[in-house]
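We use all heavy atoms of the structure for the numbers below, so side chains are in, but hydrogens, waters and symmetry mates are not. We number each residue from 1, following the sequence as shown. Start at 1 and go down the list; that is how both ligands and their atoms are numbered.
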Amino acid sequence: MKEQNDNNIKTLEKISAFAKRRGFVFAGSEIYGGFVGSFDYGPYGVELANNIKKVWWEAMVNREVNIVGLDSAIVTNPKVWEASGHVGGFSDPLVECKECNTRSRADHLLEEIEVLADEKMTVEEINQIFDENRQKLVCPKCGQKDFGAVSQFNLLAQTNLGNFKDDWASDPAYLRGETCQGIFINFKNVVDSTRVKVPFGIAQIGKAFRNEIAPRQYIFRKREFEQMEMQMFVEPSKDMEVYKDWKEKRMQYYLDLGFKAENLRWHEHENLVFYAKAAFDIEYKFPFGFKELEGVHARGDYDLSQHQKHSGVSMEYLDPYTNEKYVPHVVETSVGVDRTFLAVLTEFYDEDDLGGDKRVVLRFPKKLAPIKVAVFPLLKNKPALVEKAKEVFALLSEHMRTEFDDNGNVGKRYRRQDEIGTPHCVTVDFETLGEEKPELKDTVTVRDRDTGEQERIAIDDLLEYLR
Ligand code: ATP
């Protein structure tokens with residue numbers, strides 16, 4: 001079995017065209033000419049995204065003694081975003097091309113010529129660096145070098161939800177820019193209503209919204225995306241210990257999923273924001289190079305202290321073991337569903353030769369495969385075969401996501417399932433009916449996606465075999 005391990009060969013054009021053709025990802029609002037930064041997940045995409053969330057939840061909530069889940073509102077009291085610093089400071093440096101009016105992120109243009117402009121810099125500092133490098137900076141759209149001045153653009157998206165005044169924009173609410181604020185504002189509720197004791201974590205999966213200036217690179221940077229975040233609340237002196245643990249666990253998580261170690265690496269933030277104690281990102285080798293997949297950060301007591309200050313509600317925790325009172329420190333892990341989706345497609349996409357036939361195959365681990373098993377009647381115009389295949393479908397679909405397919409010859413059906421990463425195909429043939437060899441009655445052919453090998457299995461043993 002040949003394995004291809006060069007993510008550069010898996011170009012973004014190839015992956016995105018494939019994802020569209022096989023019903024994983026569609027451009028958002030396509031029939032209206034699209035909508036920048038928006039994408040829709042198709043029939044197999046929604047299954048994959050659901051599995052990504054399920055696997056994360058299993059690892060972060062189900063298998064952890066000290067972590068509980070939450071599902072907080074997308075639109076909150078706007079004061080949440082003042083307290084968190086997002087209203088004042090959640091912005092990216094924007095620069096506009098004077099030639100074609102395309103807006104770009106100044107820090108990303110600088111990054112391309114390997115000049116660092118980090119989030120701590122003031123707009124004056126970025127302008128200075130930008131001016132020093134103007135000769136080398138080109139518009140990604142028209143190729144000209146004629147930019148205006150850099151300004152800060154706030155990424156929070158506003159909404160008039162619940163505000164019926166004509167001038168609602170002077171008093172807006174916000175679509176959340178990150179899911180973790182919902183966790184921080186519920187810290188007290190969780191402590192008061194459950195058995196948890198510090199150190200403990202709260203995990204949440206949900207949509208977040210950012211007015212990204214230049215959402216390029218497909219589903220890597222969307223304006224509406226989904227985050228999977230976990231905030232661990234810890235005793236102030238213990239945070240670096242907990243941080244170290246989570247750093248290890250999160251990298252291991254990807255290795256356990258079957259990612260190759262060489263496609264993952266750590267990136268340390270060069271300049272930490274003033275409240276952070278440590279910040280590393282897990283970067284994945286996307287088709288456009290190593291980029292952030294997940295952040296693992298030690299945030300000190302910044303978030304809870306800010307909410308304590310702005311709400312007037314104490315965020316102190318009385319430690320029942322030491323009798324000490326403190327505002328816990330936070331260690332967080334934060335990853336996007338959409339970025340995981342792109343990483344997973346890239347990692348497990350493969351092209352090979354099977355028995356002289358070229359094919360595309362997604363080598364998904366079983367947990368992630370959108371369809372776990374496909375059931376085929378050998379021929380669709382033989383009612384006895386179809387009826388038996390439907391019985392097998394009914395048996396399996398109660399336990400796992402199963403697809404019934406009677407379209408085209410069996411070879412074609414195998415290829416279709418290989419392309420969406422289905423680990424097994426089950427074919428009901430004349431031998432299943434016991435017409436030729438009575439000893440094979442009620443057995444089916446099970447074919448393996450990776451090797452193409454086939455085995456004869458009794459229907460009664462099928463579930464156990466597939467599990
Ligand atoms: P970047 O530097 O790429 O803009 P970030 O550092 O702002 O990302 P965080 O605020 O740390 O990202 O968000 C945590 C995670 O949420 C990221 O690691 C990423 O997986 C995901 N994420 C953030 N912004 C987007 C987006 N616009 N589209 C899709 N996923 C995103």
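The two residues A49 and V337 make their nearest non-hydrogen contact at CB-CG1, 4.2 Å.
The protein heavy atom nearest to atom 15 (C) of ligand 1 is S334 OG, 3.7 Å. Counting protein heavy atoms only, atom 22 (N) of ligand 1 is closest to F225 CE1, 3.5 Å. In terms of protein heavy-atom proximity, atom 29 (C) of ligand 1 is nearest to F220 O, 3.2 Å. Remark: minimum distance from atom 6 (O) of ligand 1 to any protein heavy atom is reached at E292 OE1, 3.2 Å. Scanning all protein heavy atoms for the shortest distance to atom 4 (O) of ligand 1 gives R221 NH1, 2.7 Å.
Of all the heavy atoms of L293, the ones lying under 4.0 Å from any atom of ligand 1 belong exclusively to the backbone. If you look at R339 next to ligand 1, the close heavy atoms, those under 4.0 Å, all belong to the side chain.
Considering R449, K358, R363, R415 in turn, R363 is the only one that fulfils the salt bridge (Lys or Arg N to Asp or Glu O under 4.0 Å) rule with D352.
Distance alone, capped at 3.5 Å, is enough to place a donor-acceptor pair between the R210 side chain and the G177 backbone.
Checked by distance only, ligand 1 and K222 come closer than 3.5 Å through their nitrogen or oxygen atoms. Considering backbone and side-chain N/O of H297, none are found under 3.5 Å from N/O of ligand 1. The shortest N/O to N/O separation between V335 and ligand 1 does not fall below 3.5 Å. Considering backbone and side-chain atoms together, Q227 places an N or O closer than 3.5 Å to an N or O of ligand 1.
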ring-ring contact (aromatic ring centres under 6.0 Å, His included) between Y174 and F209, intermediate numbers included: CA-CA 9 Å; Y174 304 96; F209 303 81; over 10 Å; no
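Partners of R134 according to the side-chain contact (heavy atoms from CB on, under 4.5 Å) rule, which considers only residues two or more places apart in sequence or in another chain, are F130, D131, F147.
Ligand 1 has at least one atom lying under 4.0 Å from a heavy atom of R210.
In this structure, R22 fails the cation-pi test against F24, since its NZ or CZ atom is not both closer than 6.0 Å to the six-membered ring centre and inside 45 degrees of the ring normal. For the pair K53 and W56, the cation-pi criterion (under 6.0 Å, within 45° of the ring axis) is not fulfilled.
Remark: the H86 side chain and the Q181 side chain contain no N/O donor-acceptor pair separated by less than 3.5 Å.
Ring to ring, F39 and F26 are not that close: their centroids are 6.0 angstrom or more apart.
Close approach of ligand 1 to E294 (heavy-atom distance below 4.0 Å) involves ligand atoms 18 (O).
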